[in-house]
Structure formats: structure tokens, C-alpha cells
Amino acid sequence: MVALNEYLFFGCEGLLLLGGLLSFVLQTKAKLSMVIAFAAASIACLGGLGLGLNVLLAGNNLNLTLPWSLASSAITFTVGPLEAFFITVSALVCFAVSIYSVGYVQSYIGKHNVGVLGLLYCLFIFAIIGLIASGSAVLFLFLWELMSIVSYLLVVYHHRDSQVRQAGFTYVVMTHIGTMFIVLAFLLMYVYAGSFSFAGYILVGRSMPAAVKNIIFLLVAIGFGTKAGIIPLHVWLPKAHPAAPSNVSAIMSGVMIKTAIFGLIKFIFVILGNGPAWWGILLLVIGSASALLGVLYSLMETDIKRFLAYCSVENMGVILLGMGAAMVLARNGFVALAAVALMASMFHVLNHAIFKGLLFLGAGSVNFATGTRNIEKMGGLLRRMPWTGLFFLVASVSIAALPPFNGFISEWLTFQSLLALGASGGNLFLEVLGPLAGAGLALTSALSAAGFVRAFGIQFLALPRSSGAKNAKEVPISMRIGMGILAALCPLLGVVPFIIIKLLAPVTAVLLGVHTAPVLGNYFRLSIPSGVGQHTALSALLVPSLLGMAGLVAYLVVKYIGKGGSVRYAETWNCGTTLTPRMEYTGTAFAKPLRMIFRQIFLPEREVKTEYTVEPYFKAEMSYEGKIKPVFEDVLYRPVTRLFVVVANKIRVLQSGSIHLYLLYMFATLVLLLIFAR
Amino acid sequence: MIRVLLINFVQAALLVVIAPLVAGIIKKTKARLQMRRGPSFFQPYLDLYKYGQKESVVSEHTSWIFKSAPYIYFAALLVAALLVPVISSVGKLNFSGDIILFIYLLALGRFFLALAGLDAGSAFGGMASSREMAIAAVAEPAALLPLFTLAIATGTTNLTAIVFKNAMSGLVLLKPAYLLSFIALFIVTIAETGRIPVDNPDTHLELTMMHEGMLLEYSGKPLAVLTMGADLKQLLLFTLIANLFFPWGIAIGFGVGQIVVGLVAYLLKVCAIGIIIACIESLFAKMRLFKVPDLLLGSFFLGLLGLIAKFIF
């Protein structure tokens, strides 16, 4: 069976390379090149899925050393349960996205170079799956850089738009700042391990001096936190994700930022073997902050993809909540509960990959059909695009953590682990922090429900607000299939979450050494054996059945009792005037109460200009402009960039343009080097 | 097991049956406080009957969301009704769900109702949906924090188990943690049931309304379902408060005597809460919309104090 893993791994990675190169070579035949790239990618992803599931279910790890070396370190790939889980998640989402892309990229034929897109797309997935499997730090970094650069090129794919170029610049700068911290952490580990292989890191990780461990923890938290889009390192995310083509945004938001979570889990639990309680508390605090601020900023966006990008910031926060709780619980000796918390976190990784991938695909479909990303120009799309609408609704309900969908299960587990933190302490701070973080999570998910009522309601319901929306047509079948696969998974995992719990059991067993299943249960109910969950159980299967029955009973009772019930269709009541789309509530108006309630955070500004024909009675024109203050950009980033520019200007003095001066510099350097490095 | 299931379904049925009555009691009490005779206690039932006889006018701009929302709303509340202990709190083997599921089922109903409010394209519905979601967002942490305190105090998030433990330990309300949590949850209940000073349940066409605004486009039978749902939601929250903090008389077994006592005690408790709510509605004016978050913030801090008190005392 080990050979099977190797075949699957080589098949997957090889096919991605091959498909990408073929697509590039055949770029003059756009349609063929597109089909080859995405067909290769989807088959390759099936291979990746097979590899992940084989490792998780059969327990055969993959250990592979190639006969070459990279920067004098052997090229090794290892896939244990943790890696297998993240490969499964990535391959699953990329599979659906690849099928979707066949239809989506058709709109690019003739306008953009599809061959290059195919090459970059395949390389992107190649890098993601490769870096998860990589067994040495050098290889990891190499693939991490490949992923960053390829995704940068994908972000600037629409490079004729100056905003896109600017977004790409922000992205590439931020991602390299993050990489710098990761490189520092790797080098620091090298000092102790003497090699760059992760196996060597694991050997020394637990016995390093506490101070060094703390420094490494902070370095990886910042490094991977940048990629994950954790506040305040999130500034690139709401710019870069919307700029990329939608299928790429789906992979960036659904999969790429999860590699940062993978890196964090690998470093904290596998290599460093957990640490003092403040590590977990730090993650809890920044997790809560990211979740809350992410969702709040998302509510102020009218560009659907920017909205979804901020929403990713929020969900990364939720994932960190589970992880932080797991770290604190494990530290305090509650290993079984820590496993529950870690499961909550990783379950949310999977869920977020599925529904955020789906939402970006849905946004891509809407963009494909209407030609706009501005929700204020949409409306009435559910009647015009019933399938896209249904899939978007499924994803919205899931991400708002409503039962009986998958988002609720992972959020329920997160709540339980935060409560367990409250019940387990003996330390007043932790006891209050746990439930308080739980209340923060409740606020977050209620706000995200408001956000998705707004996103779905304004886009898909009522009257169309523009001709683009009015003439929208349902998207091609391959796009619907791609979305349908992800949409089917949302209720499935919400009804039988035990499938995933079972897949995750080997992962928590490896990471925390818990061999009894931390979440007991079967396909009918989940229960948590210890902590607050003594009698706590959730019957994920019963809830939807009862909901269905209750709905049916209500429907039948109402249908057959009472002699009324005939339906007449008429105009919406509008105080006696005819309803026009301009009278509808807009997305900006919908978010107004929240903008008022949280005004201390948003610091909103508005400007209303009125021009009169006869003052003050007859108004000729009115314009309204509202915006919120981008606090992080203004307070944190602008001073830093300003300082940078000032310093650069000072240094410019050296650059006079005179060749004689440059020769002098060279000479001086040479002399200095000869003196110091004899 | 069969008996446990049976009692769950009987309790849910009881909640559905008496929900309009509790709404009627509140209306009557308010009328008496305003020196009016007021409608009969049973007027809400007559109203539901009346809606059932009428045709329903549906806006031509709506989608299937508008038609299915009432049933999703009602179904979510009905399943929530199965989670709440009413007249009996029987042991561990109860229906598998907990306070988190309870709160999120309410959120599920609200989600679809808010979508339905947007569906017809009228500005009234949009305004109501927007406000409902905003207020609910602030109310949700304020509702969950006191419930978390209780969950930690009793060691479980299962509602039935919490009530059972509280019923065994006597006068729980005297503990500071419980008292603070009770006040916090009571304020949230006022907001969640759409009562003065947060929302006005008696008007249809004021710009202040929230819940009624989302219902504006509904008529006939779907309106009956939604009205019934709103009454049920109100009773569910009253029941939650009554049995979590005043578990007096609640049956802890299957004896006929116990269940009769439980039933009588329960009816007395929810009537008392209804009358108190009616008094509050008569004493206060409706608040400005943007003052409501301050009220809920206050309730959140009471809940937080309750949580801290749980660990200190």
C-alpha cells in the first residue's frame, strides 16, 4: 500500500506540472489549452484526495526521498495524518474549483492569455500540495515562495487595471515580510538542529531553551499570521483576493491561507511541542480580535469579493480560537479536551475551505453573469440564476453557523472547547477568558449572519438594480457542477459530522497523543466525554430530520385547515406609488445600523452635497459619499511606509549618478573587506 | 426512552397550544393597565383562525424564499421547543441538543425571516430586516453569556440537565451569579421578543418597527404561521427564564402527581412573566433605536459580572 501512496503523490504532482506546461505550450489554441489545464488539475486533485484519505484511513504514512538535493539538503516528502488532512482539504476544494474553471475561464478566451493562466493555476496547486508534504525546511520554503510568487502573478492577472497592480504590490510586499519571519524561525531552528529536515527539527524542538522557543513561536506566529491574514497583518487580503480571477480567489481564500494554519499547527504542536500558557492565550486574543474586526469590516464592503475576503479574516480568527484553546488546555493537562478544541479548529479549516471556496465561486458566477462585483448593482438574481442562488444560499447559511449545516458543527465544538476552558481553570483569568471568547464568537457569528443576509438578500432577492442584473443568465453547466459539489458537502457534513471526526482522530492522536476518541459518538450523535460536556451531546442527524418533519407538519396543517389559502399575485405594497429598484434597501443602507452601533470602531465619515435650482426648495442634484476610516492602514502601515520613504530619500544622497563616485564606493568596499576579512 | 420522547413531544405541543394564550394575557393586562377592557384572552386564537380563512396576496417580485420562509421559521422554533424542559426535567437521556443549538435555531428562523423581509423589494421590509439583524447581533452574546455561566455552574450545556440540577439544588436564584445572569437574560428576552422598550409589537406602519416590518408583505395563511411562530418564540424564551431560574415545582420523574404539579406551576410562572412584561411595556416608552445597543451592552456586562461572580462566590 505504501507504493500506492507514492504513485498517487507523483501522479498528482506530475500531472499538475504536465498539465500546466502543456497548457502553456498550447496557448495559441486557447480552448484546448484551457481544457487540458483544468482536466489535468481535476484528475490530479482526485489523486491528492486519494493520497490524503489513504493516509488518514489506512494509516500508511508516505516517506519519500528523491535522489536530488536542494541547497545541499535532501528532497524529502513526508505525509503523516496532519499533512494528509490538509492535502485532503486542499485537493477537495481544488477539484471542485478546477471543474468550475472549465466554464469560467471561457469568458477569458480572446481577452487574456489563457495558456499562462492554466500554467500558473496548475503550478499554484502543485506548490500548495507540495509544501504541505515537504519534509525539509528548505524544500518547504522553496515551495512556499513558489506558491507566493505564482499567486502574486495570478493576482495581477488583470494587470491592465491599475488597482489590481497596486493590490498585487501590497500582496507581494506583505507576503515577503511574512516569509522573512518564517526564514528567521527556520534558521534559528537550524542552529539547534544542525540540519534543515523537519525530522531533525522535531528531535530538538522540545528540548530547546524556553527563551528560544518563545522567540521561534513569535516568529512563526507573525510569519504564518501574515499569510493567514490575521489582524493587523491582514491588509493585503481584502485587496489581493478580489483582484484575482474568481476561481483563483476561491483557492487563495479556501486553500492557500490554510497552509499558514498548517504551518502554525506543525510548528507549535509537532516541532515545539506546545509551550507556556501565554502562547495559547495570545492566539485566543488575536483570534477573537481578528474574528470580530474581520466581520465588522466585512459588513462595510459593497464589493462582494472584498466582503468575502474580510470574512476570511474572520474565519481565520475562529480557527485560531480553537487552536488557542487547545494549546491552553493541553498545557494545563486536559489533553482530551485539548483534542476536542483542536478538532474544532481543524473541522473549521475544512468547513471554511468548502464554503468560502463555494462563495467565491458563487461571486465569480454572479460576476460572470452580470459583469459587476458591486452588490448595489445587483438584485433579483435568484429568479434569473436559480442554481447559483441556491448554492450561494447554502454557503451563506453554512458560514453563518446555522444548524443543520457544517459551519454550526465546528462552531459548536469551538463553543464547547471555550466553555471547557472556563470550567477547567483554577485560574480566574482563564475561567473568565474562555466564556468571554465564547461570547465574542457569538457576536461574530451573529454579525456574520447579518452580513450574509445582506450579501444574499441584496444580490439575489427583490428587483434588479441594473441592466446587467436584469439580463443575467444562469452560468454554464460545468460551473454549476463545480459549485454543486461543494454545496452538497455543506449539509452532508452538517448532518453526519462524524465522518470528519473519524478522519481527524488520527491527527489529534499524533499531535496530542490522545488515543481515545476525544469526541465520542456515532453517525447519530456527537458527545463530549469530559469537561462541561458531561451530558452534552448534539444529535446532528436528528436536528435536520426534525426540522424537515416540523416544516412538513406545519405546511400540511396550514394547507388543510381553514378555507383560505388561495394565492393572488400583486404588486408589492409601496404606499400607493409604483415600486422601482431605486426604492429598495441597498447594501449600504442595510449595514447602516451596525455602522452606527460600532461607530467607535469604524469612525465613519460622510459628505452630502446638494445643489439647488431654487434654494432651499428645489433640489437639482444630491450626492452622498460615505466611508469608514481605514484605521490599520492609517495608524500602522502609513507611518511605517512613510519612514521607509524618508530613509530611502536620505540614502539617495549616495546615488549621485557620477560614475567616479561609484568607482570610489567599490574601491572603499574592497579596502574595507580586505581589512576585515583577511 | 419512549416515555422521554413522549414527554418531549407533549411539552412541545403544549407550548404551541398555549403560546397564543400567553400573548392574549399580555394584551389583556396592558389594556387593563390603560383602563381599557381590552380584547378577550382568546383573541389571538381568533385572529389565527381569521387569517386561515383569507386568501394570501403575494408580491410578484418575490422568489421561493418568501414562500418557504414562514415554514422554515416555524420549524426552527418547533425544534427549539423540543429542547426546552417545560413541565418535566427528566434525567440525562433527553433529546440531544443544548443551549447553543437552541440559540442557533432561533438564529436560523431569524435569518430566513430577514431574507423574506428583503424579498418583496419594499423599503419597509429592508429597513426591518436590517434593524432586526443588527439588534440580534448585539443581543446574541448578551443571551449566551448568562447561559454559559449556568452551563459552567452545572457542568453541562444540556438544557434539561441544567434545569434538573437547579431543581435539585433549591433556591438557586439567591446566588449572585444566578441573580445577575437572570437580570441579563431578562433584558435580552425583552429585545428578542420584540417588546417595548426595544420594539413595538402593536404597530405595523411606523418607521420604528422591526419584527412587524418583516411581516408586512405577508397575508392569509403564511401570516398565521408567522404570527404563531412569533408567539411561540416569545413563550419559549419565557419558559427558558422560568425554568432555568425558578425551577420550582417542575417534575423530576414520570409520576402523574408530579406532572400535574409541574403543569400548574409552569402555567403560573409563565403567566406571571407575561404580566410583568405587560407592566414593563406600560411603564416605559419605546427607546430610540440607537439606544437599544446601550441597553444590551448593559445586559452583557451584567452577564459578565454574573460569570465572574460564579467563580468568586
Side-chain angles (χ1 to χ4, degrees), chain A residues 382-383 400-403 408 412 415 419 422-423 428 431-432 435 438-439 442-443 446-447 449-450 453 456-457 461-463 525 532 534-539 542-543 546-547 550-551 554-555 558 561-574 579 583-585 590 593-594 596-597, chain B residues 52-61 63 65 71-72 74-76 78-79 82 92 96-98 100-101 104-105 107-108 111 114-115 118-123 126-127 129-131 133-134 136-138 140-141 144-145 148 151-152 155-158 161 217 220-221 225 290 293 307-308 311:
Chain A
L382 187 59
R383 287 159 65 123
L402 297 174
F408 175 70
W412 186 79
F415 272 124
L419 280 182
L428 183 66
E431 281 167 338
V432 175
L443 179 58
L447 285 170
V453 165
F456 182 82
L461 300 179
L463 294 169
R525 64 210 292 268
V532 195
Q534 265 160 10
H535 314 291
T536 298
L538 177 74
S539 177
L542 203 53
V543 174
L546 282 171
L547 272 175
Y555 177 75
V558 170
I561 291 184
K563 63 177 194 282
S566 57
V567 176
R568 180 156 59 86
Y569 289 92
E571 186 70 23
T572 298
W573 187 77
N574 197 40
L579 186 73
M583 298 171 183
E584 285 171 354
Y585 235 51
F590 193 91
L594 287 166
M596 296 279 288
I597 293 172
Chain B
Q53 306 302 309
K54 302 221 174 224
E55 76 166 353
S56 108
V57 183
V58 174
S59 160
E60 61 202 12
H61 307 307
S63 59
I65 297 278
Y71 301 102
I72 298 176
F74 191 76
L78 205 55
V79 177
L82 286 167
K92 301 166 189 174
S96 292
D98 61 357
I100 301 166
L101 180 62
Y104 276 77
L105 280 168
L108 175 69
F111 188 91
L115 283 184
L118 283 168
D119 204 4
S122 117
M127 186 182 295
S129 297
S130 144
R131 291 178 173 183
M133 291 315 285
V138 194
E140 201 149 300
L144 269 173
L145 202 55
F148 285 164
I152 289 173
T156 171
T157 52
N158 185 313
E217 281 298 318
K221 283 182 171 177
V225 177
F290 293 108
L307 178 70
I308 296 172
F311 293 113

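Each chain gets a letter, A, B and so on, in the order the sequences are listed, and its residues count up from 1. Note that this is a predicted model, so its numbers are computed, not measured.
- For chain A, the nearby parts of B:Tyr104 are the backbone and the side chain; heavy atoms of each come within less than 4.5 Å.
- For chain B, the nearby parts of A:Tyr555 are the backbone and the side chain; heavy atoms of each come within less than 4.5 Å.
- With rounding to the nearest 0.5 angstrom, the OG atom of B:Ser56 is 9.5 Å from the CZ atom of A:Arg568.
- Both the backbone and the side chain of A:Leu547 come within less than 4.5 Å of a heavy atom in chain B.
- Only the side chain of A:Leu579 comes within contact range of chain B, judged by heavy atoms closer than 4.5 Å.
- Note: A:Leu594 CG to B:Arg131 CZ = 12.0 Å, rounded to the nearest 0.5 Å.
- Annotation: maximal heavy-atom pairing with chain A below 4.5 Å, among B:Phe74, B:Phe311, B:Phe290, occurs at B:Phe311.
- Considering only heavy atoms from C-beta on, A:Pro403 stays 4.5 Å or farther from A:Trp412 through its side chain.
- Counting heavy-atom pairs closer than 4.5 Å to chain A, the top residue among B:Met133, B:Lys221, B:Lys54, B:Glu140 is B:Lys221.
- Looking only at heavy-atom pairs under 4.5 Å with chain A, the residue among B:Leu307, B:Leu144, B:Ile308, B:Asp119 that has the most is B:Asp119.
- Of the listed residues (B:Ile72, B:Leu118, B:Leu105), the one with the most heavy-atom contacts under 4.5 Å to chain A is B:Leu118.
- In terms of heavy-atom pairs under 4.5 Å with chain B, the best-connected choice from A:Gly457, A:Gly564, A:Ala554 is A:Gly564.
- The most heavy-atom pairs under 4.5 Å with chain A, out of B:Leu78, B:Leu145, B:Leu115, come from B:Leu115.
- For the pair B:Glu217 (side chain) and A:Trp573 (backbone), a donor-acceptor distance under 3.5 Å is present.
- Once rounded to the nearest 0.5 Å, the distance linking CZ of B:Phe111 with OG of B:Ser129 reads 11.0 Å.
- Proximity to chain A (any heavy atom under 4.5 Å) is shown, for B:Val58, by both the backbone and the side chain.
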